[in-house]
Peer 1: 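I have a structure here, written as structure tokens, and I will follow up with some questions on it.
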There are 4 protein chains.
Amino acid sequence: MKKIDLKELNLNEKEEKILQSSIKLFSEKGFSAATSKEIAKDAGVSEGIIFKYFKTKKDILKAILLHLINILSEKIVLKGIKDIFKNDKECDIKTVLKKVIYDRIKMVDKIYPMAQIIFMEAILHEEIRDAVYNNIIKKAMEIFNDFYFQMAEKNILRKNVDIMVVFRSILSNIAIFIAQKKIFGKYFKFENIDKEIDKVIDVILNGITVQ
Amino acid sequence: MKKIDLKELNLNEKEEKILQSSIKLFSEKGFSAATSKEIAKDAGVSEGIIFKYFKTKKDILKAILLHLINILSEKIVLKGIKDIFKNDKECDIKTVLKKVIYDRIKMVDKIYPMAQIIFMEAILHEEIRDAVYNNIIKKAMEIFNDFYFQMAEKNILRKNVDIMVVFRSILSNIAIFIAQKKIFGKYFKFENIDKEIDKVIDVILNGITVQ
Amino acid sequence: MKKIDLKELNLNEKEEKILQSSIKLFSEKGFSAATSKEIAKDAGVSEGIIFKYFKTKKDILKAILLHLINILSEKIVLKGIKDIFKNDKECDIKTVLKKVIYDRIKMVDKIYPMAQIIFMEAILHEEIRDAVYNNIIKKAMEIFNDFYFQMAEKNILRKNVDIMVVFRSILSNIAIFIAQKKIFGKYFKFENIDKEIDKVIDVILNGITVQ
Amino acid sequence: MKKIDLKELNLNEKEEKILQSSIKLFSEKGFSAATSKEIAKDAGVSEGIIFKYFKTKKDILKAILLHLINILSEKIVLKGIKDIFKNDKECDIKTVLKKVIYDRIKMVDKIYPMAQIIFMEAILHEEIRDAVYNNIIKKAMEIFNDFYFQMAEKNILRKNVDIMVVFRSILSNIAIFIAQKKIFGKYFKFENIDKEIDKVIDVILNGITVQ
DNA sequence: TATGAATGAGAATTCATTCAT
DNA sequence: GATGAATGAATTCTCATTCAT
């Protein structure tokens, strides 16, 4: 289990260990099924100390979710895309998309267990959904919007489409690609991710009909 | 909360009530967080009787998941697509896709809470993933494969793409459409689903680049 | 340990056992020091069932305190005095006082451990004090007031005293008598309570100076 | 919260702070409910240092109780009465009693929270009762006995009473007066304590019957 | 000596499961 | 079969006490 980089949060050693173990166990078993005893054991600390750093078990989840959504969304989730869209306005669309997808896959790999927890809790709890929407989805949509508009102005991308639909389509293609790797990885072994991504981009850009 | 039609399972009244309530509560709070007391109360039965029908709480989940995956995959999930693909081989691709998407949305609406439980538990537990893969994904892929092959032969759909990628793309577009409605419905109000689906299909079929 | 009669409360068997054991243990060790495990053991029930009848441990205390203060104050604490004062207006003051003191001692004997808990919690918590004052002290004062006024009118008891002071004096003499028996019983063995009470009444009625 | 003068104990600064805070918190919440963390915080010291000075939390209680009972009983509690009884053998009984009551009220005001702790713990624990009895009650009784005997010899106070009963009566009248002020102070506002005490003495000395 | 982080035993509370009725 | 009271193991959380610094 790769450890998520939590250095940005300025936590002390134990606090970080607890969070790391919580992320691992919440993502493996779900929040309710992971016990404070297991977390303590995995983190190599006593059970008591957990409740010094986090008043309740729920607070560990909150730290993972809201804290990280708010603090890290900008740094980790959005920064990558912004940079690519900014630096590559002149590049061809295929290259840009490839960079984005690569970057997203790398990013999700980095934060995967955490992302999974957020994802699952977002399904169950509206407050989390709100945080995800406002901090990630909404912002990502705005960035994408600007980018698409410029590409459309240059006559590279179609003007007669609903940008929202396009955004969703690209996002979902990335998501399912990751899900396939992460969740159903055992059934689908890709040998060459580079080629796989090219194929996805081809379908996104050119559709599936014979022109 | 719409009730899922479980008549096909030949359950007796109490057993069905218990399953209905479990589906409702598992989908609302997650499996671990829903208690047998709550289920009993919601189902209007005694706690004791739950364990007559289902040896353990886990068995309720299994009943919901495995039982329903196996039984319903054929009857509800796959039947629809098969019929469409069978009956519409002559129709134009746009119409077929529209029918499929419509059918899937309708179907998911029908089984939504159950699908959500399956989905979440599949993320956590390999045995569920296996059941989902073998009973649903694999079968759906086979059907789609046949269909795509025929469309490609007729020179309607591109031959130079990876069918797996296309399958995933369509699936993910449907999934994100449903997720947006079900999970993030509060942020995105579509007025006209018919038009929305047309837009999605346009992007899938034609891509986003100016040809 | 004599058991307090809780039949008036219409509790079921286990609930009553739990309350009895709680009263016993709270009075022996104080509320905080008595554990639910001990209570369960003493009551001969499982720890779990305690929390079916009383949501929290604090609720057991509340049941003992407020419930009993409110419900039983009238029946147990005040009824006795009322009856004596009502029925004995013609008797001589010595006899009345003796009856009252006897009755109070008997009554406190009956509810002693409970009374002790109320007493100790009243020292610590204002809400309890309020309940004690409003349900017991205030009412007792009113009853005593009426009685004293009539005795004073008949020229049996002095008019030139503060009734509040007299009330307090009698009350405190009873209280210290009981405390001596209950708390410091080991140091003071009275052989003949009847005679003891006569002595107390003598002092209350006639004072200690040579007239 | 008035601070009790502990200078007589030759404690160092920290030790005294810890005791002061313990007295405050034990009297406010009871011994078991007050935590060492709270005490440390209130005393402005670290939790660790508490256990340097007092091996266990119980030892703080012992220090407060036994230590203070033993040391203070002689210096503060009994000295006052002794002095009064010694110096005022010639004075009239009313003046003496008034001095005693005044002195006791002043004294209890000074040590109130500590006295409350002693009182409550004495109810619960025999060892505390022993200490209270042997160090305070017994000694006070002896002093009172001497005093009463002399007053009786001078034909000022009645010979035909049980001195124990008289002692108890006076003690209880003082106690209830203080309790009323301290515990039920919110319900009974005396404007003039001097007059109040006169009334109490009147009742003690002359009784309540019309002679 | 002094700190306060860390411990772990034990407290309150929950809950799947059993069982007498 | 059906009930729901009862169980007790497991869970979350607390706190006196210890210990590295």
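Chain A is the first sequence line, chain B the second, and so forth, proteins listed ahead of strands; every chain is numbered from 1. Quantities reported herein were computed from a predicted structural model and do not represent experimental measurements.
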Peer 1: C:Gly48 or A:Ser46: which one's nearest nucleotide on DNA chain E is closer to the 5' end?
Peer 2: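 Final value for this comparison: A:Ser46.
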Peer 1: Strictly under 3.5 Å: I want the nitrogen or oxygen pairs between protein and nucleotides 10-12 of chain E, one per line.
Peer 2:
{"from": "E:dA12", "atom 1": "OP1", "to": "C:Lys57", "atom 2": "NZ", "distance (Å)": "3.0"}
{"from": "E:dA12", "atom 1": "OP2", "to": "C:Ser36", "atom 2": "N", "distance (Å)": "2.8"}
{"from": "E:dA12", "atom 1": "OP2", "to": "C:Ser36", "atom 2": "OG", "distance (Å)": "2.7"}

Peer 1: D:Glu13 has an atom CD; how far is it from atom C1' of E:dA2, in whole Å?
Peer 2: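 Taking CD of D:Glu13 and C1' of E:dA2, I get 13 Å after rounding.
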Peer 1: To the nearest Å, how far apart are B:Lys41 NZ and E:dC15 C1'?
Peer 2: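 About 16 Å, once rounded to whole Å.
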Peer 1: Using a 4.0 Å heavy-atom cut-off, does D:Phe54 contact any base of the nucleic acid, only the sugar-phosphate backbone, or nothing at all?
Peer 2: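 Counting heavy atoms under 4.0 Å across all strands, no contact is made by D:Phe54.
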Peer 1: Just to confirm, is there a sub-4.0 Å distance from OP1 or OP2 of E:dT1 to any side-chain nitrogen or oxygen of D:Tyr53?
Peer 2: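 Negative; the distance criterion is not met.
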Peer 1: In the structure I gave you, are the side-chain heavy atoms of C:Lys52 and C:Ile49 within less than 4.5 Å of one another anywhere?
Peer 2: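 Yes. Closest side-chain heavy atoms under 4.5 Å.
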Peer 1: Can you find a heavy atom in the side chain of D:Phe31 that is under 4.5 Å from one in the side chain of D:Lys57?
Peer 2: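 Result yes, sub-4.5 Å side-chain heavy-atom pair found.
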Peer 1: Could you tell me the separation between the CG atom of B:Leu25 and the C1' atom of E:dC15, rounded to a whole number of Å?
Peer 2: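 For the pair B:Leu25 CG and E:dC15 C1', the rounded distance is 15 Å.
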Peer 1: Could you pick out which residue, A:Lys14 or C:Lys58, lies toward the 5' side of DNA chain E when each is mapped onto its nearest nucleotide?
Peer 2: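 Residue closer to the 5' terminus by nearest nucleotide: A:Lys14.
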Peer 1: State plainly whether the residues D:Lys58 and D:Glu127 are in salt-bridge range, i.e. N to O under 4.0 Å.
Peer 2: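 Salt bridge flag = yes for D:Glu127 with D:Lys58.
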Peer 1: Are any of the side-chain heavy atoms of C:Phe54 and C:Ser22 separated by less than 4.5 Å?
Peer 2: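 No - every pair of side-chain heavy atoms lies 4.5 Å or more apart.
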Peer 1: Between B:Glu47 and B:Ser36, is any pair of side-chain heavy atoms under 4.5 Å apart?
Peer 2: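 The answer is yes; the side chains approach within 4.5 Å.
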Peer 1: Find out whether B:Glu121 and B:Ile64 are in side-chain contact, i.e. whether some heavy atom of one side chain is under 4.5 Å from a heavy atom of the other.
Peer 2: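 No, every pair of side-chain atoms sits at 4.5 Å or beyond.
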Peer 1: Hey, does the Lys NZ or Arg CZ of C:Lys14 hover above the aromatic six-ring of C:Tyr53, less than 6.0 Å from the centre and inside 45° of the axis?
Peer 2: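 No - C:Lys14 does not lie over the ring of C:Tyr53 by the 6.0 Å and 45° rule.
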Peer 1: In whole angstrom, what separates A:Ile49's CD1 from E:dG4's P?
Peer 2: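 After rounding, the gap between these two atoms is 14 Å.
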Peer 1: How does DNA chain E look in dot-bracket notation if pairs are Watson-Crick or G-U with both distances under 3.5 Å, crossing ones as [ ], other-strand ones as |?
Peer 2: .||||||||||||||||||||
Peer 1: Hey, does the side chain of A:Asn135 reach the backbone of A:Ala131 with a donor-acceptor pair shorter than 3.5 angstrom?
Peer 2: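 Flag set: sc A:Asn135 to bb A:Ala131 pair under 3.5 Å.
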Peer 1: Is there a donor-acceptor pair closer than 3.5 Å between any side-chain N or O of A:Gln116 and the backbone N or O of A:Ser27?
Peer 2: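 Present.
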Peer 1: For DNA chain F, note the earliest and the latest nucleotide, 5' to 3', having some atom under 4.0 Å of a heavy atom belonging to chain B.
Peer 2: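 In short, chain B contacts DNA chain F from F:dG1 to F:dG4.
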